[in-house]
J.: 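Structure provided below as structure tokens; questions to follow.
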Amino acid sequence: MSLNPVLERVTARIARRSEKSRKLYLDLMAHNLKYAPNRKTLPCSNMAHAVAAEPEKVKEELIHPAPHHPNIGIITTYNDMLSAHQPYEHYPEQIRLFAREKGATVQVAAGAPAMCDGVTQGQEGMDMSLFSRDVIAKSTAIGLSHCMYDSVALLGVCDKIVPGLLMGALRFGHLPQILIPAGPMPSGMPNEEKSKIRKLFVEGKVGLEEAMHAEMASYHAPGTCTFYGTANTNQMVAEFMGLMMPDSAFIITNTPLRTAMTRAGIHRLVDISLGSDKPLPLMDLVNEKSVTNAIVGLMATGGSTNLTIHLIAIARAAGLVVDWDDYNALSEVVPDLAKIYPSSPTDINGFHRAGGIPTVIKELASIGLLHTDCPTISGGSILDYAQRATLDGQNVKYVPAAPTTDTKTLRPLSDPFSKTGGLKLFKGNLGRGVSKVSAVAPDRLVTKAPAMIFQTQEDVMAAQREGKLDQDTVVVVRFQGPRANGMPELHKLIPVLAVQMDKGYKIALVTDGRLSGASGFVPAVVHVCPEAQRGGPLAKLKNGDMMLVDGVTGDLKVLVDEAEFNARPDAPKVRPDVGTGRELFSANRRYAPSAEEGASSMEALMIEDINEVGDDFAGEFNSVGKAMR
Ligand SMILES: O=C(O)C(=O)C[C@H](O)[C@H](O)COP(=O)(O)O
């Protein structure tokens, strides 16, 4: 099957743009592989510290390893408050047993924090959510810096956790690594019903007790939430990149198949560890082709807008430069094959039952919309991911993906939901932003209406209560970008604006902040760059300015005289927020690059430093390596 020419062009463009940075990355990984201390070269005292707490047998195995005796490091993001991460409690014990079956040992290298956007939505803690990615990345790096490991199992699932783990893990890309997901919770109260009750609550038609009951019937068990939000989109992306076992993303948590899948993943990790016949380092898996495959997956399934930030940050950690034009070009040729809540009533479990990721991959690969020549954890290519996992005794057995069994949720190529993908790039005199057009009803794609300007979502909610939003309007919520307040998700706006839409008004939202992956159906252009805090045009908008938000052409415009608009002073910048620990994140805010650049100050500064070392890089590290020997 010949490749789709746009896929080919976008991939080539990423490779060209990244030529220098990718080479620097691969040189540094080669240095890690060759010269970084490892178990076999650690001096006695260091080694004794590293094994001091192990049982005698394991001590012996670590100090005098058999020829292929890998030691697996675990980075775990377990905590028992997050439903998605609670199942990881006993994974280290299980993984130890599974590794032992193949003669390997296991040490928990580090724990990293995992925060829940469901808990922090609309709260001060949300201002730290995006930056928690950097904390997770650094925690991962600290764990792996002990250089005790021949391979790594990454335990994490949710929104910032998978990107953070990968951003850290990729700096140790010379090591073979696998993501081990824990799976979604069983379906509870349908998401659509929960949303209905939320709207009734906003309108004062149901009380607190009933609202609480609905939320708890929806979020009711261990596992990821069942909507197609950022957590589940990360899972999809990880499969499309071949970073986890085929069809492992959406097996329900704490089921026999889930356990069998973890076991299969660990067995596979042993087989590809350093020292094996076929080591498969992470740096080989994350390249311009797998990143492009991930964007295709995002478009074909209508995933979370957050991945227009996270995938860019993950790619940057591997020396790859991706931008929103790449996303947009792919969106124009990738059909939308899936409708999952918030784009439809079906949840992620329904999507999985309908055929899920294997069926989507099979369809896309059949028309050359996926690279089938980049390596994956499975040992083959992405074509291994066009298989359904089933349980065979204690083992996972794969069978070819079947055609969709529910065309309300998952469509074949011959009859897609739309010929183009789920996300769209908007551009114009207000900057660049992204929108999940697949979740928006066709008659709501274009909004031309006067602007109402806000600086917080609380102000929008208050205006709605006071009836001030009872008109066609484009609600602009600005000073919500990474430099202003850490770029929170503004998901509390959705039920409020949905109520206004139900009243028959034309409503759109424009913001330099983020929305949750659970946000849909309200036409929204998010992540607008440059952000108001950096002097972006949003800072010049006034109440009443006529706006055009056009989901067909991708226009994001203010329709006022250009000279008059440009002559306006910017609204004053916001001061940093403090409290709830936000003051610890000043550096993250102050140096944050734009959303389109991944919004990670850690990476922006890292890239500056690496570029400074520049062409001398490999030479310098070679001499450091020689001195060490
Ligand atoms: O997917 C994301 O980006 C998220 O932030 C996940 C959060 O858990 C939701 O924001 C909760 O949203 P509801 O379903 O409306 O309760």
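Order of listing sets the numbers, starting from 1, for every ligand and every atom in it.
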J.: Return the minimal non-hydrogen interatomic distance between M244 and Q235, and the atom names on each side.
T.: CE-OE1, 3.2 Å

J.: Would you mind telling me if ligand 1 is within reach of the side chain of D159, the backbone, both or neither, using heavy atoms under 4.0 Å?
T.: side chain

J.: Counting heavy atoms only, which of S516, C116, S129 is nearest atom 9 (C) of ligand 1?
T.: S516

J.: Kindly assign one of parallel, tilted or perpendicular to the pair H527 and W324, based on the angle between their ring planes and the thresholds 30° and 60°.
T.: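 Answer is tilted, since the angle falls between 30° and 60°.
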
J.: Is it the case that the side chains of S129 and D117 hold a donor-acceptor pair, with the cut-off being a distance below 3.5 Å and no angle test?
T.: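 Present: a donor and an acceptor within the cut-off.
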
J.: Under a 4.0 angstrom heavy-atom cut-off, which atoms of ligand 1 come close to Q121?
T.: 5 (O), 9 (C), 10 (O)

J.: Can you give me the closest heavy-atom contact between T456 and Q480, atom names plus distance?
T.: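 Closest approach of T456 to Q480: CA-NE2, 3.9 Å.
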
J.: What I want to find out is whether E215 reaches R198 closely enough, with some N-O distance under 4.0 Å, to be called a salt bridge.
T.: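 A salt bridge is present here (some side-chain N lies under 4.0 Å from a carboxylate O).
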
J.: In the protein, what heavy atom is nearest to atom 14 (O) of ligand 1, and what distance, to one decimal place, separates them?
T.: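 Looking at atom 14 (O) of ligand 1, the protein heavy atom closest to it is Y219 OH, 2.4 Å.
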
J.: Going by the order shown, which atoms of ligand 1 are within less than 4.0 Å of some heavy atom of G229?
T.: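 Those of ligand 1 that fall under 4.0 Å from G229 are 1 (O).
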
J.: For atom 5 (O) of ligand 1, what's the nearest protein heavy atom and its distance?
T.: E489 OE1, 2.5 Å

J.: Has R198 got any heavy atom lying under 4.0 angstrom from an atom of ligand 1?
T.: yes

J.: Can you tell me if T473 uses its side chain to pair, donor with acceptor, with the backbone of I507 under 3.5 Å?
T.: no

J.: I need the atoms of ligand 1 closer than 4.0 Å to a non-hydrogen atom of H491, numbered in the order shown.
T.: 10 (O), 12 (O), 13 (P), 15 (O)

J.: With atoms numbered from 1 as shown, which atoms in ligand 1 lie under 4.0 angstrom from a non-hydrogen atom of N306?
T.: 3 (O)

J.: May I ask you to check if ligand 1 and S304 share an N or O to N or O distance below 3.5 Å?
T.: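 No; the residue has no nitrogen or oxygen that sits under 3.5 Å from a nitrogen or oxygen of the ligand.
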
J.: Under 4.0 Å from a heavy atom of F227: give me the atoms of ligand 1 that qualify, with their elements.
T.: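 Close to F227: 1 (O), 6 (C), 7 (C), 8 (O), 9 (C), 11 (C), 14 (O).
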
J.: What atoms in ligand 1 come closer than 4.0 Å to a heavy atom of T230?
T.: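 Atoms satisfying the 4.0 Å criterion: 1 (O), 2 (C), 3 (O).
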
J.: Between D470 and Q500, do the side chains contain a donor N or O and an acceptor N or O under 3.5 Å apart?
T.: yes

J.: Heavy-atom contacts with G118 under 4.0 Å: which atoms of ligand 1 show up? List them by number with element.
T.: 7 (C), 8 (O)

J.: Can E489 and N306 be counted as having a side-chain donor-acceptor contact under 3.5 angstrom?
T.: yes

J.: Indicate yes or no for a side-chain donor-acceptor contact from Y327 to the backbone of I295 under 3.5 Å, with no hydrogens or angles considered.
T.: no

J.: Could you list which atoms of ligand 1 come closer than 4.0 Å to a heavy atom of K194?
T.: 13 (P), 14 (O), 16 (O)

J.: Could you tell me whether some N/O pair between E215 and ligand 1 is separated by less than 3.5 angstrom?
T.: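 No; the residue has no nitrogen or oxygen that sits under 3.5 Å from a nitrogen or oxygen of the ligand.
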
J.: Salt-bridged, R432 to E596, with N to O below 4.0 Å?
T.: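 Yes, this pair counts.
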
